[in-house]
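Note that these values count all heavy atoms, side chains included, but never hydrogens, waters or copies made by symmetry. For reference, positions follow the sequence shown, starting with 1. Bear in mind the structure is a predicted one, so any value in this text is a computation, not a measurement.
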Amino acid sequence: MTNKKALYQSILKSILEDKKLLAVLIDPDKMAIELTSGFIKKVNGSLATHIFVGGSTVDDFATEKLISEIKKHTTLPIILFPGDVSQITDQADALLFLSLISGRNPEYLIGKQVKSVSKLRQLQLEVIPTGYLLIENGKVTSVQKVTATKPMSKINVQEIVDTAKAGELLGMKLIYLEAGSGAMDPIPSDIITKVKKELSIPLIIGGGIRTKKQLEEAYLSGADLVVIGTAFEDDETFFEELKM
Ligand code: 1GP
């Protein structure tokens, strides 16, 4: 672990300067090493400001191998968004230290975090405490399956707002509202707006964003950083579409 907070500070600085951030999410399970350089070239030429790496089910060492390959081709910061302790590596610049505060499964609230400490102690990795909230989107997502937790209902906006605020009050440095990878619909704008209004820490939005309009809407509603994975995986011309 390191006391340096360089990456988190740079996120805060961007927000102060009114710059919106975009992370491309790469799942080590879906990205073949030999295709990495071509993909990262497109990321470099895009609006992306960060690369997130992680997935719900990933083979041991696949994340480390993938990140060392990505680093050969980019200077963008690489942040771990791990589905499991095995994905933690100091090849990355920072780690989203996630606690699934929308759920009530102790393993994902604190259990996995405790298990990761012996590993983190040995690594020079910036650790960013992050409150992670899964919001329902019309289909069962892998986060829901893997964590055996229920997503929060979209209808009960106040509960989502209160949960995010509780995360901040517990000392979390980021809040991540997740619709789930490949979600039918992204997080609704009114939820983003209301959560953002309550928070004084940065807000990350991800899941189901497939168009430039949806991206812009997330920013306008209050997202500081948007995460997109599936849309880039499915169609790399999306990198170009975003620039138009
Ligand atoms: C998933 O929020 C991320 O954890 C990104 O979702 O793959 O739907 O873009 P997509």
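- Closest approach of L80 and T63 over heavy atoms only: CD2-CG2, 3.7 Å.
- Counting non-hydrogen atoms of other residues, nucleotides and ligands closer than 6.0 Å to NZ of K197 gives a total of 12 or fewer.
- Note on L170 and L203: separate hydrophobic clusters, where clusters join Ile, Leu, Val, Met, Phe, Trp and Tyr whose side-chain heavy atoms are under 4.5 Å apart, directly or indirectly.
- At least one donor-acceptor pair under 3.5 Å links the side chain of K243 to the backbone N or O of G45.
- K115 and E107 are joined by a salt bridge, as a carboxylate oxygen and a charged side-chain nitrogen come within less than 4.0 angstrom of each other.
- The shortest distance between side-chain heavy atoms of T36 and I26 does not fall below 4.5 Å.
- A salt bridge links E69 to K72: at least one charged side-chain nitrogen sits closer than 4.0 Å to a carboxylate oxygen.
- A heavy-atom distance below 4.5 Å is found between the side chains of S99 and Q113.
- For the atom pair L7 CG and L12 CG, the distance stands at 10.5 Å (nearest 0.5 Å).
- In this structure, CD1 on I160 lies 8.0 Å from CD on E136, to the nearest 0.5 angstrom.
- The nearest pair of heavy atoms linking N105 to T147 is ND2-O, 2.7 Å.
- With values rounded to the nearest 0.5 angstrom, F97 atom CZ is found 10.0 Å from T130 atom OG1.
- In terms of modelled atom types and a separation under 3.5 Å, the side chain of E241 and the main chain of F238 share no donor-acceptor contact.
- A donor-acceptor contact shorter than 3.5 Å is absent between the side chain of K173 and the backbone of Y8.
- Side chain of K112 to backbone of L98: no donor-acceptor contact under 3.5 angstrom is found.
- Annotation: side chain of I51 is in contact with side chain of I40 (closest heavy-atom distance under 4.5 Å).
- Residues G208 and P186 approach most closely at O-CG, 3.5 Å, considering heavy atoms.
- A distance of 13.0 Å separates NZ in K165 from OG1 in T163, rounded to the nearest 0.5 Å.
- In terms of modelled atom types and a separation under 3.5 Å, the side chain of K20 and the main chain of A223 share a donor-acceptor contact.
- Using a distance-only test at 3.5 Å, with no hydrogens or angles considered, a donor-acceptor pair links the side chain of Q214 to the main chain of R210.
- In this structure, CE on M172 lies 12.0 Å from CG on L96, to the nearest 0.5 angstrom.
- Linking ILVMFWY side-chain heavy atoms closer than 4.5 Å, directly or via other members, places F61 and L120 in two distinct hydrophobic clusters.
- Between V24 and L76 the shortest side-chain heavy-atom distance does not fall below 4.5 Å.
- Side chain of N44 to main chain of H73: a donor-acceptor pair is present (N/O by atom type, distance under 3.5 Å, no hydrogens or angles).
- In this structure, S56 and V143 approach most closely via the heavy-atom pair OG-N, 4.3 Å.
- Linking ILVMFWY residues whenever their side-chain heavy atoms come closer than 4.5 Å, directly or via other members, leaves V140 and L177 in distinct clusters.
- L220 and V227 end up in different hydrophobic clusters when Ile, Leu, Val, Met, Phe, Trp and Tyr side chains are linked at under 4.5 Å.
- Between Y132 and F81, the angle of the ring planes goes over 60°, which puts this pair in the perpendicular group of the 30/60° scheme.
- Within the model, atoms NE2 of H50 and OG1 of T74 stand 11.0 Å from one another, a figure rounded to the nearest 0.5 Å.
- Counting all heavy atoms, side chain and backbone alike, Q87 lies closest to P82 at OE1-CA, 3.4 Å.
- Side-chain contact between I79 and D93 is absent, with no heavy-atom pair separated by less than 4.5 Å.
- With hydrophobic clusters built from ILVMFWY side chains whose heavy atoms lie under 4.5 angstrom apart, L47 shares a cluster with I205.
- Side-chain atoms of N137 come within 3.5 Å of backbone atoms of M184 as a donor-acceptor pair (strictly under, hydrogens ignored).
- More than 12 heavy atoms of other residues, nucleotides or ligands lie within 6.0 Å of CG in L16, so this atom counts as buried by the packing criterion.
- Not a single donor-acceptor pair under 3.5 Å links the side chain of E198 to the backbone N or O of K194.
- Considering all non-hydrogen atoms of both residues, K154 and I191 come closest at O-CD1, 3.8 Å.
- Remark: side-chain polar atoms of E126 are paired, donor with acceptor, to backbone N or O of A6 under 3.5 angstrom.
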